[in-house]
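What you see below is based on every heavy atom in this structure, not just the backbone, and it leaves out hydrogens, waters and symmetry mates. Chain naming here is simple, since letters A, B, ... match the order of the sequence lines and numbering starts at 1 in each.
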Amino acid sequence: MTTTPAGPMLEISGLSVYYGNIAAVKGLNLTVNEGEIITLIGSNGAGKSTTLRTVSGLIRPRSGAVTFLGQRIDSLPAHDVVKRGLAQSPEGRRIFPRMTVAENLDLGAFLRNDKAGIAQDQERMLELFPRLRERISQKAGTLSGGEQQMLAVARALMARPRLLLLDEPSMGLAPVLVDVIFATIRRIREQGTTVLLVEQNARAALSVADRAYVLESGTIKLSGNARELRNDPEIAKAYLGG
Amino acid sequence: MAQPNFAVPVPQRPQNVDRTKRSWPIGFAIAAVVIFIFYSFILPYLTPDIRTVVQHWMPLGTINTALIWAMSALGLNIVVGYAGLLDLGYVAFWALGGYAAAWLMSYFVPVSAINILGNAAPGTKTGLHLNILLVLIGAAAFCALFGVIIGAPTLRLRSDYLALVTLGFGEIIPQIFKNGDDFFGHNISNGTQSIGPIDAVEGVTARTTVVAGVAQHTDVGWGDLLAFDHSGRFIMFTLLTALIIFISLRIRQGRLGRAWLAIREDELAASAMGVPLMRAKLAAYAVGAVAGGICGVAYALQLNRMLPDPFTFSVSITLLAMVVLGGMGNVWGVLVGALLIAWFNSTGLPEIGDTVNGTFGTNIDFPSYSFLIFGGTLVIMMLFRREGLLPERRTRLVLHEGAAGDTQAEEPDEELVDQAGAVK
Amino acid sequence: MAQSPTAAASLPKSRLRLSAYGERVAAYTILAAVFAWLVVNFLDNPQQFLSAAVFGISNGALYALIALGYSLVYGIIELINFAHGDLFMLGTLFSGFIITVVFGSKAMSAMGWVAFLVALVLVILFCASINMSIEFLAYRRLRHAPKLAPLITAVGMSFVLQFVGLKWNGSTQKSQPSVLPQGYIDLGGVRIYTSFLIVLAVTIPILGLMTWIVTKTRMGKAMRATAQDQDAARLMGVNVNRIISFTFGIGGALAGVAGLMYEQTVGTTRYDLGLQLGLIAFTAAVLGGIGSLPGAVLGGVLIGLIQGLNEGVRYGAGQRWTQSVVFSILILFMVFKPTGLMGVSMREKV
Amino acid sequence: MTETQTAVPEAEAPAPAALSAENITVTFGGLVAVNDVSFTVPDQSIVSLIGPNGAGKTTFFNALTGLYQPDRGGRVVLNGLDVTGMSPNRIASLGLARTFQNIRLFNLMTAEENVKVAMHSHLKSGVFGTVLGLPWQRREEREAHEVALELLDFVGIGKTAYEYARNLSYGDQRRLEVARALALKPRVVLLDEPTAGMNPRESAAFVEFVHRVRDERKVSVLLIEHDMSVVMRVSERITVLDRGEKIAEGTAEEVRTNPRVVEAYLGSSAGDNHITIADEEGE
């Protein structure tokens, strides 16, 4: 592990991302400090996923900077971003449907060479998500939605990231599974990984997060301590309308 | 939407559209008249030196051949340029049109001679001998029918699969003609023996009387077009090309042309707006095939016989190169692209080669470079100027956006995300 | 591939579509007709039938090698690489060049085997690097362009390679020396040529090696991941550009092997071979299910068999119809079963 | 619910539904994306379909418009006509128009041409008429042209009739999509997230616009929307989907206070408890 430089682990400043001539994100500023769980909440189409995709290098921003561990990463290709210790579990799971669960996990550790460490981490993942152990040699496409989501998170963790980006991990899941996922997010942090969580399930997200940002139409509307935001009437208004 | 709507003055159509609308057809007509006058009335009276140069670099026969290519390229443009369907077997329609002409105006069909306003050569005992106008209509209808037959089962395929299936038909149909001397026991094409001669057509003749190498006078008349009557064929081919251009332009302005454009732009949205995809695409195939059929008839007249050998895959590719070079979707661009490439192919390249070899004393086989030139044209145009040399006004706009589109990731297609999530 | 879901993939079935029942009846009728044709020909002259079959399978092995190249590339970037057949053609020319010019070997000897092996290695390197260069120079820049653009580029590339072949080999067929042992084994009237055995001896291990690369190695896993979801693969740290390049390399290598085998067993080279054989091999890839590697092999062998029987048995249509027969199969499969025999449904790919 | 009924003039006779969907189920390879959802769009009403990401709204929408076939037993009835299993273009020409979530205009066609494309099924001219320029065909084209301009005026972008769609501003593109949908002379217009990318002021103006479309064009409007302030202000009736199932239906007020809706949007209270236990500082 490299030493952490002074300052935040991830810093996004003045980020703007466009699809054609439509701005998805406009002048967004956000910081994540080491060891935190930060959540980015907002309704459909607010620009949350676009932000994460930009941080991971899948989309190039039109302007602004993304700094990770003191270095600019906004013009790096996605695979270099992963190499620097930033992994993402994308929206919609995006697991490899025609590969087995084990192969999916292996791909998560694609950039690592320590066989023993990978095996150990795989074991750790199967402990974190016991359901996956039962399905280990099944094709991932045959898993249920919840199992796929677990696989997507586990796969991202297999890279041993310093910062984990989670995009809508509770999407489409039954409440019981949502609980499991959020409990796991806490454990992930306890094991030393910083988490940036994008969620629509605002209450659950705010209950695990340290700080939160509320995104609306591509810009940050509110930010602050998650516990305070939890009871903010603005939040309910943003979600359920005036 | 915030402001109430005041009566908005009806906007005028942009003027420049109208201007290009007029200048090209006028240019085409003037060029045609000038060429006709030059080759019929001026060239024979010029000095032998000049005549030799013109005969080498730009004989009227080459112009006629180029017009034949242009007809096909314009037809392919309807399929590829208008409707966005890649057809790699367009040569099949050319062959079908040509054989339709061979059947309808020669001794070949084994019946005692039936003459319908036709022009059978004296002494011909058998075959159908239809008037050229009837032949054109017949060939066009025959090809349109084949366009639908080929299109119907294939159009629901993905675009790249569609390209392959058309390629398959483009190989099968010429092979049927090639082996047509024994097609399930019937002779349908004389195989490689070719069908010929084909009845001469009547048209304008401009014949110059030459005495001792000096042109005396030029007589314009009406009669059978013989092998050397290039002027008459030039008039005929120019008119046919003009007809195809006219159809292309007219149809583009109408309901069907709009539907094709819409399909090319966004199939899904088009169908959500009530455009019947299959019918519109079939119509594109049929109309495109009509041009191929007319071109085939012209080809049969130019050659005076029909043989299967020229109908190879490379013809389809050359046609595609013409469309791509000229600018997919732009009728005038495709016309220019086709004339240019056809001239280059038949006369330009050998002549340039002779000149270069003569000047530098080299011995390079220039025509063999056509593979490189066509292949290279396609690759380079796709990489650097996808919209062609004379792009359609619409596609020219894309160019202005420049590289901006490349640095931005594509828009995630929410329409399908929902589905993708569910499938996995 | 999530970033290339075509609208067509989600389009509804057309109303022109034959009813599912009608389609099935048509398909079974065709299958039954093919089966009847096989039986009639076998009973007519079993020896001739089997000889034709053996010859066909030998060709089929080569088709399989070429078909794999199509299938690999299609599987990963959904491009029909038209230039692949011509790459194979260059492979035949290069093989002939190495064997005659470098070794000058004419007869079978120990030196002949050395020549063969050296040529094998060199032709693999040669074709792989050409294919990778084409991808790097042309296709890569068009990865986000509308689908027509890379397809037309591939057609153009095919012509450029044919030009190279034309300049290299001349416009006519050229005969090339073979360093492999000639002769045949007679099994009850059925001739099995030595060259057939050598084709199998080279092809089968190579297919095994391919399977191993794709299923077991790190690169293979990255290839499959890229084929299924490019963005997700990027998020795993896969350098997608490099993987695509690698895939073109492997496809090229297989075309090179096929080129050498063809040059050695058929003994002639032509500049326009790629178009003809390439299209047949592509049909094989479609028949087996494009994108599926075992499918490509199966398709190759089947097409070879069909071709061999068509040309070799009494009630076959004969060589002059081969192209039409093969393309009719292509069209029938495209229309009735676009996923091929072993393909996965494209819908799943979206 | 009563609100909807009073909105319809002939309350005694069963109000003719402009569009009704019965027991729509859509499955993809065994996974259920939409599960047995039924709902109706009364004549000339404004109805919304809402739900969190991945709730199956778009899939349901696609089943209505014929893009997906609903599983056996499901029925879509448009204007009293069973359109289940028809092709999307047929359903569209029978009066079900739509816009797209991420704007799918024909970019290289002018605004006026875009609108005219949607008139395809109402025009008659074929190949021969077009090529020959027959008088009735010319008249038809002229009329289509006038209707197109009138529609563009109606949505407030008459000035841009000859601009290429891709050159229009984002807001104008959204309006053009509506004009194009109206050119189908629909009974029902489906608007898929029409305010995505709009600022609050534009969204507020949009609410007015939706009312105007309904009143002046005599159509029903079905809205998929994530901006709740828009949904709550514009809808006479709201249907809420979550994980493919209909979890609530009613007026804005009913839906807003429905605990299942609150749970779907703000997160499960069960999850809250669970995490509260884990969170030693939790309240």
Go through the atoms of [X] and report whether side chain, backbone, both or neither lie under 4.5 Å from a heavy atom of chain D.
X	answer
B:Val275	both
B:Ala262	both
B:Ala286	neither

message: Only pairs of heavy atoms separated by less than 4.5 Å count here; which of B:Gly254, B:Gly257, B:Gly274 has the most with chain D?
response: B:Gly274

- prompt: So which of B:Ala259, B:Ala270, B:Ala283 has the biggest tally of heavy-atom pairs under 4.5 Å with chain D?
  reply: B:Ala270

query: Is it true that a side-chain atom of B:Glu265 and a backbone atom of D:Met109 form a donor plus acceptor pair closer than 3.5 Å?
result: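 Looks like no, no N/O pair under 3.5 Å.
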
D:Arg104 side-chain N/O to B:Ala269 backbone N/O, donor-acceptor pair under 3.5 Å: no

task: Applying side-chain hydrogen bond (donor to acceptor under 3.5 Å, both in side chains), name anything that partners D:Gln137, two or more places apart in sequence or on another chain.
output: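 Testing D:Gln137 for side-chain hydrogen bond (donor to acceptor under 3.5 Å, both in side chains), a comparison that skips the adjacent residues, returns none.
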
Working to the nearest 0.5 angstrom, can you tell me the gap between [X] [atom1] and [Y] [atom2]?
X	Y	atom1	atom2	result
D:Leu108	B:Asp266	CG	CG	11.5 Å
B:Met273	D:Ser121	CE	OG	10.5 Å
B:Arg250	D:Thr130	CZ	OG1	9.0 Å
B:Leu268	D:Asn62	CG	CG	7.5 Å
B:Leu261	D:Asn114	CG	CG	10.0 Å

Is [X] in contact with chain B via its backbone, its side chain, both, or neither, using a 4.5 Å heavy-atom distance?
X	answer
D:Leu184	side chain
D:Ile91	neither
D:Thr65	neither
D:Glu141	side chain

For residues 74-82 of chain B, which side-chain donor-acceptor pairs fall under 3.5 Å, sequence neighbours excluded?
unit_1  : atom_1 : unit_2   : atom_2 : d
B:Asn77 : OD1    : B:Gly329 : N      : 2.7
B:Tyr82 : OH     : B:Ser248 : O      : 3.0

Which of D:Lys124, D:Glu140, D:His122, D:Met119 touches chain B most, by non-hydrogen pairs under 4.5 Å: D:Lys124

Check: B:Met278 and D:Ser87 side chains under 4.5 Å, non-hydrogen atoms: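 Answer no - side chains too far apart.
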
task: Kindly indicate, with the supporting measurements, whether the criterion side chain to side chain contact (heavy atoms under 4.5 Å, CB included) is fulfilled by B:Ile251 and D:Val127.
output: CA-CA 7 Å; B:Ile251 217 160; D:Val127 175; 3.8 Å; yes

- prompt: Which pair of non-hydrogen atoms, one from B:Ala272 and one from D:Ala92, has the smallest distance, and what is that distance?
  reply: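 Where B:Ala272 meets D:Ala92 most closely, the heavy atoms are O-CB, 3.2 Å.
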
message: One thing to verify: whether D:Glu112 and B:Arg258 come together as a salt bridge, which I'm taking to mean a side-chain N less than 4.0 angstrom from a carboxylate O.
response: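 Between D:Glu112 and B:Arg258 there is no salt bridge, as every charged N stays at least 4.0 Å from the carboxylate O atoms.
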
